Every structure is written in structure tokens, then in C-alpha cells.
There are 2 protein chains.
Amino acid sequence: MQPLDTQSNQANGGNELVGELLSTIFPIMDALRNGMRSQRPADLTEPQFRTMGFLCHNEGISLSGMAEEFGLTLPTVSKMVDGLVKRELVLREENPRDRRRVTLRLTEKGRSVFEAAKRNTNARLAEMLGTLTPDERAMIVSTLQIMRRVFAPEKEIG
Amino acid sequence: MQPLDTQSNQANGGNELVGELLSTIFPIMDALRNGMRSQRPADLTEPQFRTMGFLCHNEGISLSGMAEEFGLTLPTVSKMVDGLVKRELVLREENPRDRRRVTLRLTEKGRSVFEAAKRNTNARLAEMLGTLTPDERAMIVSTLQIMRRVFAPEKEIG
DNA sequence: TATTGTTATACTCTATAACTATA
DNA sequence: TATAGTTATAGAGTATAACAATA
């Protein structure tokens with residue numbers, strides 16, 4: 001949102017970048033949250049959106065698998081899943097091979113709510129990004145790939 | 001964190017970008033939160049960090065000014081400021097010219113805690129970005145400027 | 001009457017500690 | 001004994017509704 005102290009970020013290599021990075025991603029996160037919240041009552045918070053997006057591609061994962069994936073504690077994901085189960089967006093099922101383990105997946109309703117939130121989020125962000133030229137968008141694509149190498153090295157998009 | 005459904009984002013202009021944008025900024029936000037939380041007991045949450053960064057450059061702003069700036073409601077910022085006041089990081093003062101109004105500023109402790117969190121956050125992110133080549137960093141700088149034109153048009157860094 | 005802010009209430013997100021059930 | 005998960009508790013962040021004080 002703000003430069004957060006531009007003056008002191010002009011020294012060396014990566015450091016120079018950080019203030020600009022923060023004052024760019026904060027407004028993006030704001031726009032993202034607005035997109036997810038814009039169609040009540042089927043709206044989702046950012047953690048719920050991430051959780052359901054992950055379940056969309058990792059059906060049957062356990063709670064501890066999710067906790068590790070997201071870098072959160074077990075009680076945190078357990079409680080977050082509680083909320084999604086209460087809204088009938090996610091199913092908690094027992095794993096018969098190891099009855100300590102829970103397996104998770106989206107309900108049909110969950111999938112459709114997630115897809116709607118994603119469409120909405122995409123539409124909002126895409127509309128904003130659509131004001132750029134093709135060259136500018138291509139430059140963003142290349143740069144995002146570089147940034148993912150740094151911040152999400154194990155999660156390249158194929 | 002995840003692509004969140006790469007397949008369906010390959011159609012038109014801005015839309016193609018959105019999946020890549022999300023799977024890039026989520027891990028960045030994770031790294032940022034880790035940086036802010038890494039030196040207890042003086043750690044800050046992301047909203048606290050943003051609030052204090054804003055106060056750092058806008059001493060004397062009112063609660064409603066902050067609420068508008070952040071796109072939050074008055075009760076929300078009032079309560080968040082409560083927490084910062086309780087930790088003696090922010091001062092709430094009465095404005096004698098309009099006694100309905102509150103003016104806010106960082107305490108000395110607040111300033112030093114914020115600077116420490118910022119140093120820590122910067123160091124962590126800068127270390128990660130420092131693995132890139134100068135050309136790659138220059139490309140990121142240019143791209144962030146483009147993205148700010150889209151998502152934070154009124155807040156250019158001078 | 002309109003504006004500024006607080007309080008009451010409720011829900012989500014997060015953590016640590018203590019617990020249960022299963023392996 | 002170790003692992004998977006839940007429950008208890010607590011604090012932060014968010015909202016809406018109802019309120020008080022000031023203009």
C-alpha cells in the first residue's frame with residue numbers, strides 16, 4: 001500500500017527491491033480479497049480459497065498433509081476445515097487403512113462455489129490486467145516465472 | 001501456493017495471467033509473514049506492519065483517515081489500534097480542534113519495533129532476491145512499476 | 001442532523017497446550 | 001512410544017449494529 005520507507009531501500013542488490021515489492025503486492029492482495037468476497041453468500045476468505053484450490057488438485061489429502069503444505073499447525077487446518085465442512089463445501093472422511101487419518105475432498109457444492117469464486121477473482125484481476133499492452137503482459141509473465149523460482153522453487157507451473 | 005487451475009486460464013488477455021499471479025504472490029506473502037514474525041517478542045502481524053508503516057509516514061492521521069486509506073471499517077481500525085496502543089507501539093491523542101477526532105502516531109518504542117521488523121523482513125526478502133542476477137532484478141523493478149500502475153495507480157513511488 | 005469514534009456481538013484465522021484414538 | 005487429529009483457550013482481524021460525543 002505504501003512505500004513503507006523508500007529512502008532506506010536504495011542500497012544493495014535485493015534490498016533495493018523490497019519496498020517496491022511490498023507496495024505492489026499489498027494492493028494486489030486487496031484486489032484479490034475483494035474478488036473473493038464479491039458474490040455473497042457464496043464468498044470465500046483468502047485461506048478458504050487457497051485451501052479449496054489445493055483440494056481441487058489434491059483430493060484425498062490428509063489434514064497433516066495440508067498443514068505441512070501450507071506451513072500451518074494441525075489445529076489451525078482442523079478448525080478451518082471445520083468451517084468448510086459446516087458450510088458443506090468439504091467432506092471429512094475416515095481412511096480405512098489408517099483410522100487415525102482423515103481424508104479431505106470438495107463436495108459438489110464446494111467445487112461449484114470454488115469455481116464461482118475463482119471465476120469472479122479471475123474476472124476482476126483479468127479486467128485490471130487487461131488494460132495493459134500485450135508486451136507488458138508478456139513481461140509480467142516472464143517476471144512472475146523468475147519470482148516463482150525464488151519464492152516457490154518447488155512449485156513450477158508445468 | 002498452487003496454480004489453482006492453470007488449465008482454465010489460457011484463454012484471453014489478462015485472464016491468462018491470473019493463475020500465475022496468484023501462485024506467485026501467495027508464496028511471497030508467506031515469506032513476508034515469516035519475516036515479520038521472526039524476532040519475537042517484538043514481532044508484528046501483516047496488518048500491524050502495514051498500519052505502522054503507514055503511520056511512519058503519516059503521523060497525526062485520524063482513525064477514519066486510516067480506515068479510508070486501508071479500505072476497512074472504523075470499528076476494525078479502532079480495534080486494531082487498541083492492540084497497538086496496549087503494546088505501547090502507537091499513541092492515540094485527542095485533536096483539540098475537533099474533539100471527535102483522534103490523531104495517531106508511533107511511540108518511540110513503536111518506531112524502533114517497526115524498524116526492526118522492517119529490517120528483518122527486508123533482509124529475508126532481500127536475501128532471496130539476492131540470488132537473482134542484476135538483469136533479473138532490473139526486470140522485476142520495471143515489472144513492479146507496471147503492476148503498480150494497474151493495482152495502486154494513485155500511489156506511485158516518487 | 002451528520003460525523004467521529006467506541007462498544008457489543010459474531011465469525012474466521014492463527015497458535016500452544018492438553019487430550020483421545022490409533023498404530 | 002509415536003503419530004493423527006480434536007478440544008480448550010486465547011488473541012488478532014474482520015464485519016454489522018447500536019451507541020455516545022461532538023460539530
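Just so you know, these numbers use all the heavy atoms, side chains as well, and skip hydrogens, waters and symmetry mates. Labels below follow one simple rule: chain letters A, B, ... track the order of the sequence lines, proteins then strands, and each chain is numbered from 1. Model, not experiment: these values are computed from the prediction.
The distance from atom CD of B:Glu94 to atom P of D:dA21 is 13 Å, rounded to the nearest whole Å. Spacing between atom CG of A:Asp82 and atom P of D:dA8 amounts to 12 Å, rounded to whole angstrom units. B:Arg97 has its CZ atom 16 Å from the P atom of C:dT4, to the nearest Å. Rounded to an integer number of Å, the gap from CE of B:Met29 to C1' of C:dT14 is 15 Å. Between the CZ atom of A:Arg87 and the C1' atom of C:dC13 there is a distance of 14 Å, given to the nearest Å. In this entry the distance linking CG of A:Leu74 with P of C:dC13 reads 17 Å, nearest Å. D:dA12 atom P lies 11 Å from atom CG of B:Asp43, rounded to whole Å.
Geometrically, A:Arg50 does not engage A:Phe70 in a cation-pi contact defined by less than 6.0 Å to the ring centre and at most 45° from the axis.
One finds a salt bridge joining A:Arg33 and A:Asp30 here, because a Lys/Arg side-chain nitrogen approaches an Asp/Glu carboxylate oxygen to under 4.0 Å. A salt bridge does not link A:Arg101 with A:Glu94: every distance from a Lys NZ or Arg NE/NH1/NH2 to an Asp or Glu carboxylate oxygen is 4.0 Å or more. The pair A:Glu115-A:Arg119 fails the salt-bridge criterion, with no side-chain N (NZ, NE, NH1 or NH2) lying under 4.0 Å from an Asp/Glu carboxylate O.
Distance from the side chain of B:Ser62 is smallest to C:dG5 among D:dG13, C:dA2, C:dG5. Nearest nucleotide to the A:Pro47 side chain, out of D:dA12, C:dA21, C:dT14: C:dT14. Closest contact between the side chain of B:Pro75 and the listed nucleotides D:dA2, C:dG5, C:dT7 involves C:dT7.
Within 4.0 Å (heavy atoms only), A:Asp98 reaches sugar-phosphate atoms of the nucleic acid but no base atom.
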